[in-house]
Amino acid sequence: GQQVMQIPQYQHVQEGEDFTTYCNSSTTLSNIQWYKQRPGGHPVFLIQLVKSGEVKKQKRLTFQFGEAKKNSSLHITATQTTDVGTYFCAGRPPGGYQKVTFGIGTKLQVIP
Amino acid sequence: KAGVTQTPRYLIKTRGQQVTLSCSPISGHRSVSWYQQTPGQGLQFLFEYFSETQRNKGNFPGRFSGRQFSNSRSEMNVSTLELGDSALYLCASSLEGQGRDTQYFGPGTRLTVL
């Protein structure tokens, strides 16, 4: 079955440093979504990427979808303490009745 | 619009018992998906319901079951509980489901099996 791998699993950064998490799928994806889960909270949708090579920005967050639609990345510029949480990617294969597979998540700690 | 609600928020059960968790989706959403979240395994997909029909199922034993009602509310049931079933159970609702659109997660039910 489809596997979605996400690295790193944990990342500690000093406030102000950049951060990147990578997501790789074993199969081509129809779309990829990113979610953020704050400590003690539930996952909250950040963005969806659909097109090959797509790049989207949300303030300090930059999301990329690979040309082959099998990988994706989330980059945060100049991290802040409010960025703390776990970031999940979720990939959906093409075709009719498909389910979303989540990566294991990257837990980000920002040291003030 | 009210968000996704889940009840109860916390549950403590013993091995061998059964449990029923409830999820009320956002008004107008017809898809409800269930996930199990544990520290080592991340978010594991259980099943998805759309218009009262199970559309997808994850790799969980038959002890895990679910259903969806005509008002889109969903329940999941776990029978013969095992220690390993201790987890946060999240439900998520969306308009179309199947990962085509945004999933809105509820706060989850924290299940502890003793």
Side-chain angles (χ1 to χ4, degrees), chain A residues 1-10 21-25 27-51 56 58 63 65 69 72 85-108, chain B residues 1-7 9-10 21 23-26 29 31-51 53-60 64 66 87-110:
Chain A
Q2 183 201 14
Q3 291 186 10
V4 174
M5 289 144 288
Q6 196 173 347
I7 56 167
Q9 244 184 291
Y10 305 94
T21 173
Y22 300 91
C23 190
N24 291 290
S25 170
T27 60
T28 302
L29 299 170
S30 169
N31 65 33
I32 195 152
Q33 299 174 343
W34 285 91
Y35 292 80
K36 177 184 177 182
Q37 184 174 22
R38 287 202 159 94
H42 55 274
V44 173
F45 175 82
L46 292 176
I47 208 157
Q48 175 168 288
L49 304 171
V50 179
K51 298 176 187 174
K56 286 189 176 180
Q58 287 180 351
F63 304 84
F65 201 9
K69 299 184 76 173
S72 181
T86 302
Y87 293 84
F88 294 95
C89 62
R92 181 192 182 280
Y97 292 97
Q98 300 292 345
K99 62 188 183 194
V100 168
T101 300
F102 277 78
I104 199 161
T106 296
K107 188 172 183 178
L108 173 64
Chain B
K1 268 187 184 178
V4 178
T5 57
Q6 290 187 247
T7 55
R9 293 292 311 278
Y10 302 92
L21 314 181
C23 172
S24 292
I26 290 172
H29 286 190
S31 167
V32 174
S33 295
W34 287 89
Y35 296 88
Q36 181 194 66
Q37 185 173 33
T38 55
Q41 299 293 320
L43 279 159
Q44 299 290 312
F45 173 79
L46 280 154
F47 23 66
E48 183 203 352
Y49 288 88
F50 185 88
S51 293
T53 301
Q54 187 182 87
R55 200 154 61 170
N56 270 308
K57 191 175 188 308
N59 298 324
F60 279 81
F64 291 81
L88 179 66
Y89 290 88
L90 292 158
C91 84
S93 78
S94 63
L95 281 168
E96 295 181 43
Q98 296 187 314
R100 295 179 192 273
D101 55 349
T102 304
Q103 292 190 84
Y104 295 87
F105 283 83
T109 295
R110 172 77 59 187

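Below, chains carry the letters A, B, ... as their sequence lines are ordered, and counting in each starts from 1. The structure displayed is predicted, hence computed values, not measured ones.
- For B/Y104, the OH atom is loosely surrounded, since the number of other residues' heavy atoms within 6.0 Å does not exceed 12.
- The part of B/L90 that comes within reach of chain A is its side chain, from C-beta onward, which places non-hydrogen atoms under 4.5 angstrom from that chain.
- Surrounding OH of A/Y22 are at most 12 heavy atoms belonging to other residues, nucleotides or ligands under 6.0 Å away.
- Note that the CG atom of B/L43 and the OG1 atom of A/T101 stand 11.0 Å from one another [nearest 0.5 Å].
- Atom-to-atom distance recorded for A/F102:CZ and B/F45:CZ is 10.0 Å, nearest 0.5 angstrom.
- Between the NZ atom in A/K99 and the CZ atom in B/R55 there is a gap of 13.5 Å [rounded to 0.5 Å].
- For NZ of A/K107, the number of neighbouring non-hydrogen atoms (other residues, nucleotides, ligands) closer than 6.0 Å is 12 at most.
- Looking at B/Y35, the atoms closer than 4.5 Å to chain A (heavy atoms on both sides) all sit in the side chain, from C-beta outward.
- By number of non-hydrogen pairs under 4.5 angstrom with chain A, the leading residue of B/A92, B/G42, B/S33, B/G106 is B/G106.
- Contacts between A/Q37 and chain B at a heavy-atom distance below 4.5 Å involve the side chain alone, from C-beta outward.
- Under the 3.5 Å distance criterion, the side-chain polar atoms of A/Q33 are matched with a main-chain donor or acceptor of B/D101.
- Using a 4.5 Å heavy-atom threshold, the side chains of B/Q37 and A/F88 count as touching.
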